[in-house]
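Have a look at the structure below before the remarks.
The first residue of the sequence shown is numbered 1, and numbering continues consecutively from there. For clarity, every value in this text was computed on a predicted model and none was experimentally measured.
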Amino acid sequence: MPEPSRKGERVYRGLPVSAGVCRGKILVLNKPRSGVARRDIGEAQVAEEIQRLSHALSQTRQQVLEVQRQVKAGLGDAEGGIFDAHLLVLEDPVLIEEVTRIVRREKVNAEYAFNVVAEKYASALAAIEDEYLRERSNDMRDVTSRVMQNLAGEKVGPDLQNLPEPCIIISHDLTPSTTAQLDKDKVLGFGTDVGSQTSHTAIMARSMRIPAVVGLKDASEVFTDGDYALLDGFNGVIIVNPTDQTLFEYGQLVRRQDTLQQKLQDLQGKPAVTLDGHAVMLSANIEQSSDVESVLSCGADGVGLFRTEYLFINRAELPTEEQQYAAYLEIAAALKPQPVVIRTLDLGGDKFLSHLTMPQEMNPFLGWRAIRFCLQEREVFRAQLRAILRASAQGNVKMMYPMISGLDELNQANALVAEYKEELRREKIPFDEKLEIGAMIEIPSAVMVADALAKRARFFSIGTNDLIQYSMAVDRLNEKIAHLYEPTHPAIVRLIKATVDAAHAQGIPVSVCGEMAGEPVLAPLLLGLGVDELSAAPPHVPSLKFLIRRLKISEARELAEFALTCESASEILSRARTLARSVAPSLFETEK
Ligand code: PEP
Ligand code: MG
């Protein structure tokens with residue numbers, strides 16, 4: 001529902017996840033499908049229905065062939081080959097015969113009959129042990145959804161890589177992998193019905209600097225293609241048909257933002273040191289090798305988190321050891337002597353491979369994810385560990401494991417590293433013998449045994465996105481409970497403090513690389529709790545540096561002391577806000 005607003009304009013409020021303001025025409029991607037309705041037909045309509053089916057199948061075939069042609073031209077034959085399976089489904093005589101039989105016998109509409117048969121095949125395939133066949137069930141569902149759209153006369157979703165003109169994309173949801181493929185010249189911004197601050201889609205939007213608002217609830221149903229809108233990624237608002245007054249006010253906001261960016265730019269080569277001389281390591285989170293440029297320009301001290309998953313998604317096959325080595329080396333060499341912390345594969349949760357079928361899980365975030373996946377899929381892990389080790393010979397590379405829940409996993413992973421180091425020695429391939437290996441602390445159980453982990457890790461990196469999700473039982477993707485996702489909850493403050501204490505008792509440093517680290521309001525709290533390093537998306541680094549250089553560590557420590565004794569998340573947040581605003585008011589001028 002739009003909010004009451006100035007005459008003629010409609011205001012929709014969601015969650016701001018990627019800063020910036022844009023305006024342009026709206027393009028709504030596939031609306032959510034709510035089941036396929038069964039419609040009874042008369043004898044006279046049977047032939048017509050079968051004709052409709054045949055037309056939809058050939059229309060779909062043309063579309064798939066066109067997508068295949070584009071993919072082959074853009075990515076190569078192997079990638080285009082994925083669509084062969086889709087074409088086979090469309091030509092499968094047994095399937096078509098069965099659908100036709102149902103239409104004739106039960107006298108029902110073609111959509112219904114097609115969906116029944118296709119779903120039966122897809123579920124049967126999904127249940128098969130063989131991984132290759134299981135994978136076909138996804139092809140089946142993919143192609144079914146195209147056929148259904150054609151039967152319904154719906155427009156099949158636009159090709160996101162070849163949009164005819166710049167637009168604001170509105171969609172029920174966007175996967176992290178689709179977001180990674182958006183053409184920044186054509187996608188001015190995007191809004192989704194679902195999602196939250198720490199979904200990987202939001203994280204990707206920030207790193208690509210595409211303004212975005214998520215959690216808009218029913219935007220994909222109520223917005224219409226061609227509507228003119230303004231998207232405010234600072235405050236999480238989309239305004240359809242903005243009035244002249246609104247456009248004028250936003251023009252001023254954008255100008256203030258430009259002036260601030262200019263001021264921030266001047267800090268690029270300066271250190272992140274507080275007014276009372278406390279030096280903070282300020283690094284950047286990246287998702288792909290092409291992000292190196294933004295690390296250099298944002299003035300970070302290297303990379304505190306390289307999410308390697310994006311090397312694995314949006315491609316037909318797993319990246320080989322050589323391909324990974326080349327990617328890691330490119331980043332390490334470009335940033336040398338600055339450190340690059342490469343995180344081992346964190347697949348699962350909301351990030352999946354396009355070519356490898358992961359079993360559908362009831363609770364993917366509690367399932368076969370990250371280090372759990374890697375410790376079982378040894379060949380995948382081996383290729384990555386060897387690639388990281390090899391890259392370490394030529395740069396300041398560090399490595400860390402995601403989702404460590406206890407000592408066993410850390411020991412097992414370290415044992416594999418020792419084994420692959422031995423292999424490389426035998427092969428006379430160089431690597432950094434002293435490669436530092438850290439553990440991510442993102443599960444409450446890891447905090448509870450942080451003293452033991454600290455004896456076997458060279459550093460900790462707190463993944464607050466997951467630590468908050470797991471300790472408060474709040475799904476980080478679910479906009480309906482986003483209000484419960486509270487980084488300043490006393491439990492979170494104490495978990496961070498316990499992690500820092502355990503690490504410092506063993507003399508190892510602690511970084512925070514979750515989204516919390518990039519929030520100017522929350523960064524002082526983390527520093528006050530004793531966190532040594534903040535790692536945030538490159539667009540956040542300049543504001544963090546600006547704030548740190550105006551802050552006294554003594555003020556941050558006072559805030560942390562207060563937070564450790566306070567019982568209310570909102571009181572802690574309000575104190576943190578007051579401090580940040582008094583130290584760096586200009587950072588908050590984009591708030592409305
Ligand atoms: C985190 O959980 O805070 C983190 C940095 O990892 P990711 O967001 O990739 O899960
Ligand atoms: Mg995480």
Side-chain angles (χ1 to χ4, degrees), residues 198 272-283 285 304-305 400 438-444 446-451 453-454 457 459-472 485-536 540 544-545 547-584:
T198 56
V273 182
T274 62
L275 286 176
D276 46 358
H278 178 84
V280 178
M281 172 88 179
L282 193 53
S283 47
N285 292 349
L305 164 65
M400 65 184 179
M440 284 194 74
I441 303 293
E442 36 189 2
I443 303 184
V447 179
M448 299 307 288
V449 297
D451 54 341
L453 296 173
F459 61 92
F460 281 163
S461 186
I462 308 181
T464 45
N465 302 339
D466 280 316
L467 184 63
I468 298 171
Q469 140 162 287
Y470 295 133
S471 40
M472 317 231 320
Y485 193 96
E486 291 181 301
T488 55
H489 192 289
I492 302 303
V493 173
R494 293 173 203 188
L495 285 164
I496 295 172
K497 178 70 163 61
T499 307
V500 169
D501 287 349
H504 289 177
Q506 288 301 323
I508 65 167
V510 181
S511 145
V512 172
C513 64
E515 300 311 295
M516 194 175 169
E519 292 276 340
V521 165
L522 303 175
L525 176 61
L526 296 174
L527 297 177
L529 288 169
V531 166
D532 306 283
E533 173 180 348
L534 301 175
S535 190
H540 288 166
L544 287 173
K545 196 185 274 189
L547 177 106
I548 291 168
R549 292 173 59 86
R550 279 166 173 70
L551 177 77
K552 289 196 188 119
I553 193 68
S554 55
E555 295 166 324
R557 288 186 183 138
E558 264 170 44
L559 172 66
E561 268 164 39
F562 166 77
L564 285 166
T565 53
C566 181
E567 294 173 355
S568 148
S570 54
E571 269 178 49
I572 299 174
L573 180 59
S574 142
R575 273 270 193 130
R577 275 208 182 112
T578 308
L579 175 59
R581 281 172 200 217
S582 71
V583 165

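Within the structure, salt bridge (charged side-chain N to carboxylate O under 4.0 Å, His left out) pairs that include any residue of residues 562-574 do not occur (at least two apart or interchain).
In this view, R581 and E591 satisfy the salt bridge (charged side-chain N to carboxylate O under 4.0 Å, His left out) rule, not counting sequence neighbours. With sequence neighbours excluded, the residues forming a side chain to side chain contact (heavy atoms under 4.5 Å, CB included) with D276 are T274, K552, I553, S554, listed by chain and number. Applying the side chain to side chain donor-acceptor pair (under 3.5 Å) test to N285 and every residue at least two apart in sequence or in another chain returns S535. Partners of T578 under the side chain to side chain donor-acceptor pair (under 3.5 Å) rule, at least two apart in sequence or in another chain, do not exist in this structure. In this structure S568 satisfies the side chain to side chain donor-acceptor pair (under 3.5 Å) test together with S570, sequence neighbours excluded. Legend: residues meeting side chain to side chain donor-acceptor pair (under 3.5 Å) with Y485, ordered by chain and number and at least two apart, are absent. A439 meets the side chain to side chain contact (heavy atoms under 4.5 Å, CB included) test with I404, L410, A457, F460; sequence neighbours excluded. E561 pairs by the side chain to side chain contact (heavy atoms under 4.5 Å, CB included) definition with nothing, not counting sequence neighbours. By the side chain to side chain contact (heavy atoms under 4.5 Å, CB included) test, R549 pairs with L267, K270, P271, K545, sequence neighbours left out.
Two residues are said to be in side-chain contact when any heavy atoms from C-beta on lie closer than 4.5 Å; L551 and L579 meet this criterion.
Across all their heavy atoms, A454 and Q506 have their closest contact at CB-CG, 3.6 Å. The shortest heavy-atom contact between V583 and E555 is CG2-OE1, 4.0 Å.
For the atom pair T488 OG1 and I572 CD1, the distance stands at 5.5 Å (nearest 0.5 Å). With rounding to the nearest 0.5 Å, the separation of CD1 in I548 from CG in L275 is 11.5 Å.
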Using residues 491-499 as the side-chain source, report each donor-acceptor pair under 3.5 Å to any protein atom, sequence neighbours left out, with the distance given to one decimal.
{"unit_1": "K497", "atom_1": "NZ", "unit_2": "D501", "atom_2": "OD1", "d": "3.1"}
{"unit_1": "K497", "atom_1": "NZ", "unit_2": "D501", "atom_2": "OD2", "d": "3.0"}
{"unit_1": "T499", "atom_1": "OG1", "unit_2": "L495", "atom_2": "O", "d": "2.7"}

Give every donor-acceptor pair under 3.5 Å between a side-chain atom in residues 507-527 and any protein atom, sequence neighbours left out.
{"unit_1": "E515", "atom_1": "OE1", "unit_2": "R206", "atom_2": "NE", "d": "3.1"}
{"unit_1": "E515", "atom_1": "OE1", "unit_2": "R206", "atom_2": "NH2", "d": "2.6"}

Inset, instruction - Apply side chain to side chain contact (heavy atoms under 4.5 Å, CB included) to the pair D532 and H504, showing each step before the final yes or no. - result: CA-CA 10 Å; D532 306 283; H504 289 177; 2.9 Å; yes
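No side-chain donor-acceptor contact under 3.5 Å links S461 to the backbone of M440.
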